[in-house]
Amino acid sequence: MQRILVLGAGGHAKSVIDILERMPDREVVGVIASAPAADATHAGYPVLGDDAQLAAVVERHGVDGCVVAIGDNWTRARVARMVGEAVPSLRFTTVIHPSAQIARAVTIGDGTVVAGNAVVERDAHIGAHAYISMTTVVGHDVSIGDYATLGPHAVLCGAARLGEYAMVGAGANVLQNIVVGEHTVIGAGSTVTRDVPAYAVAYGSPARVMRQRQAGERYL
Ligand SMILES: CC(C)(COP(=O)(O)OP(=O)(O)OC[C@H]1O[C@@H](n2cnc3c(N)ncnc32)[C@H](O)[C@@H]1OP(=O)(O)O)[C@@H](O)C(=O)NCCC(=O)NCCS
């Protein structure tokens with residue numbers, strides 16, 4: 001049994017905890033929050049401290065691994081870097097719901113979460129600290145960059161490529177071989193029929209680039 005610490009105490013963390021609870025070899029030790037109240041709990045688990053207390057918490061509670069459970073791509077990356085600096089020996093675990101269907105020859109990076117009923121087809125590559133929401137489809141030969149997110153019910157058709165920090169909104173469809181650039185956000189419900197450059201916000205069917213965005217700009 002791996003004892004897992006969850007970093008993040010918002011709604012997204014609840015989703016990740018729910019998946020961890022369904023994995024037979026993981027046990028949630030507790031949660032790290034940015035501003036914990038005394039005696040606080042989150043989704044039924046104790047809030048053990050804040051970022052500054054991370055090293056002490058890991059030692060005191062015999063933590064084997066952690067996951068950064070923060071929905072915003074940019075913030076998730078910042079916290080992952082903080083963990084690497086504070087406790088270099090702490091490894092990031094992958095979190096995969098038992099109902100997810102992962103084909104052979106798929107690679108999934110450390111710290112990535114794959115939620116319930118996701119389907120990941122053969123030869124897909126998913127980077128580190130990505131979030132693959134429930135009921136998504138990741139087609140064969142798809143490539144998903146580090147810190148990217150696929151919203152609920154989104155579809156990446158075969159050999160599509162999603163850059164690092166990019167986000168495909170709920171229910172959006174990205175057609176085969178399409179490239180979505182890094183840091184780009186695809187709006188919910190869109191149909192992406194042409195490549196979308198990096199650092200853009202695009203939506204609609206067919207999706208059009210509506211504006212530019214900067215790294216770290218809020219999108220949720
Ligand atoms: C696209 C998005 C990022 C917003 O981008 P934005 O540039 O900040 O756009 P705004 O919210 O200012 O809206 C601008 C206009 O676009 C429309 N619009 C926004 N998102 C849209 C979408 N996905 N599809 C079609 N139209 C959309 C708005 O209704 C608004 O129209 P109006 O000017 O007629 O009122 C956001 O709406 C979105 O779709 N986010 C994804 C949410 C999601 O999937 N969450 C799942 C959590 S994992």
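In what follows, residues are counted from 1 in the order of the sequence shown. All ligand and atom numbering here is 1-based and tracks the order in the structure.
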(message) Among all protein heavy atoms in this structure, tell me which lies nearest to atom 47 (C) of ligand 1, with the distance rounded to 0.1 Å.
(response) Leu220 CD2, 3.8 Å
(request) State, to 0.1 Å, how close Ile178 and Thr193 come at their nearest heavy-atom pair, and which atoms those are. (result) CD1-O, 3.3 Å
(message) Among all the protein's non-hydrogen atoms, which is closest to atom 8 (O) of ligand 1, and how far away is it?
(response) Arg211 NH2, 3.2 Å
(message) Going by a strict under-4.0 Å cutoff (protein heavy atoms only), does atom 31 (O) of ligand 1 have a neighbour on the protein?
(response) no
(message) Any protein heavy-atom neighbour for atom 25 (C) of ligand 1 (distance below 4.0 angstrom)?
(response) yes
(request) Find the distance between CZ (Arg194) and CG (Leu175) and round it off to the nearest 0.5 Å. (result) 11.5 Å
(request) Please state which part of Met167 comes within less than 4.0 Å of ligand 1, counting heavy atoms only: side chain, backbone, both or neither. (result) side chain
(message) Ignoring hydrogens, what is the shortest heavy-atom contact between Ile4 and Cys66? Give both atom names and the distance.
(response) CG2-CA, 4.1 Å
(message) For Gly10 versus His42, what's the shortest heavy-atom pair and its separation?
(response) O-NE2, 2.9 Å
(message) Would you say atom 22 (C) of ligand 1 makes contact with the protein, given that contact here means a non-hydrogen protein atom less than 4.0 Å away?
(response) yes
(request) Report yes if Ile186 has an N/O atom closer than 3.5 Å to an N/O atom of ligand 1; otherwise report no. (result) no
(message) Does the plane of the ring in Phe92 sit parallel, tilted or perpendicular to the ring in His129? Use 30° and 60° as the thresholds.
(response) perpendicular
(message) Any protein heavy-atom neighbour for atom 28 (C) of ligand 1 (distance below 4.0 angstrom)?
(response) no
(request) Distance to 0.1 Å, residue and atom name: give those for the protein heavy atom nearest to atom 9 (O) of ligand 1. (result) Tyr203 OH, 4.0 Å
(message) I need the Asp72 CG to Tyr165 OH distance, nearest 0.5 Å.
(response) 10.5 Å
(message) In the complex you have, is atom 34 (O) of ligand 1 within reach of the protein, judged by whether a heavy-atom distance drops under 4.0 Å?
(response) no
(request) To the nearest 0.5 angstrom, please state how far the OG atom of Ser143 sits from the CG atom of Asp123. (result) 12.0 Å
(request) Using a distance threshold of 4.0 Å (strictly less than), state whether atom 6 (P) of ligand 1 has a protein heavy-atom neighbour. (result) yes
(request) Specify the closest pair of heavy atoms between Leu150 and Val137, including all atoms of both residues, with the distance to one decimal. (result) CD2-O, 4.4 Å
(message) Is atom 39 (O) of ligand 1 touching the protein, meaning some protein heavy atom lies under 4.0 Å away?
(response) yes
(request) Could you check atom 41 (C) of ligand 1 against the protein and tell me its nearest heavy-atom contact, residue, atom and distance included? (result) Ala188 N, 4.0 Å
(request) Could you tell me which non-hydrogen atom of Thr149 sits nearest to which non-hydrogen atom of Arg76, and how far apart they are? (result) OG1-NH2, 3.4 Å
(request) Kindly indicate whether atom 16 (O) of ligand 1 is approached by any protein heavy atom to under 4.0 angstrom. (result) yes
(message) Within the 4.0 Å heavy-atom shell around Val201, which atoms of ligand 1 are there?
(response) 5 (O), 7 (O)
(message) Quick test: of every protein heavy atom, which one is nearest to atom 44 (O) of ligand 1, and how far off is it to 0.1 Å?
(response) Ala170 N, 2.7 Å
(request) Mark up the atoms of ligand 1 that fall under 4.0 Å of a heavy atom belonging to Gly169, in ascending order. (result) 44 (O)
(message) Would you compute the distance between atom CG of Asp110 and atom CG of Asp146 and round it to the nearest 0.5 angstrom?
(response) 10.0 Å
(message) Salt bridge or not between Asp18 and Lys14? Use side-chain N to carboxylate O under 4.0 Å.
(response) no
(message) Students should be able to answer this: which protein heavy-atom is nearest to atom 3 (C) of ligand 1, and at what distance?
(response) Val185 CG1, 3.8 Å
